[in-house]
S.K.: 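To start, I am sharing the structure in question, which I have written as structure tokens.
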Amino acid sequence: MYFESLLDAIFGPREILHVMECSVCGFNEVYYIDAETNVQIGRACQGCNFVQRFDVPKANNF
């Protein structure tokens with residue numbers, strides 16, 4: 001429950017892009033995309049209690 005709340009706080013609305021085996025703990029490492037823009041926003045592993053948000057560059061509207 002805590003881990004899902006952490007993901008909600010860091011990523012907000014998200015969808016799973018893909019899942020792979022974590023190289024540290026062997027649990028599922030999940031990569032997420034933004035639900036609206038379909039841009040990859042980060043990854044997380046519940047086994048390691050690890051969450052990483054990717055910096056997404058903003059588009060320049062000139």
S.K.: Given the rule that I, L, V, M, F, W and Y join up when any side-chain heavy atoms are under 4.5 Å apart, are Leu7 and Phe50 in one cluster?
M.R.: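 No; tracing contacts between hydrophobic side chains, which count when under 4.5 Å, never links both residues.
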S.K.: Any chance you could lay out the side-chain contact (heavy atoms from CB on, under 4.5 Å) test for Ile16 and Tyr32, step after step, and finish with the verdict?
M.R.: CA-CA 5 Å; Ile16 295 175; Tyr32 294 101; 3.9 Å; yes
S.K.: Do Phe27 and Val30 sit in the same hydrophobic cluster, where Ile, Leu, Val, Met, Phe, Trp and Tyr count as joined when their side-chain heavy atoms come under 4.5 Å apart?
M.R.: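 No, because Phe27 and Val30 fall into different hydrophobic clusters, even though each may have its own neighbours under 4.5 Å.
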S.K.: Restricting to non-hydrogen atoms, name the atom on Asn38 and the atom on Glu15 that form the minimum distance, rounded to 0.1 Å.
M.R.: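 Nearest pair, atom of Asn38 first, then Glu15: OD1-OE1, 4.5 Å.
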S.K.: Ignoring hydrogens and geometry, is there a side-chain-to-backbone donor-acceptor pair from Arg43 to Glu29 under 3.5 Å?
M.R.: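 No; zero donor-acceptor contacts below 3.5 Å.
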S.K.: What's the spacing between Glu21 CD and Asn28 CG if we round to 0.5 Å?
M.R.: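 Output value for this atom pair is 8.5 Å.
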S.K.: Say whether Val24 and Phe3 are linked into one hydrophobic cluster, either directly or through other cluster members, by side-chain heavy-atom distances under 4.5 angstrom.
M.R.: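 No.
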S.K.: Going by heavy atoms in the side chains, are Phe54 and Tyr31 under 4.5 Å from each other?
M.R.: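 Side-chain contact under 4.5 Å: yes.
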S.K.: Please name the pair of heavy atoms, one in Cys25 and one in Cys48, separated by the smallest distance, quoted to 0.1 Å.
M.R.: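 Taking every non-hydrogen atom into account, SG-SG, 3.5 Å.
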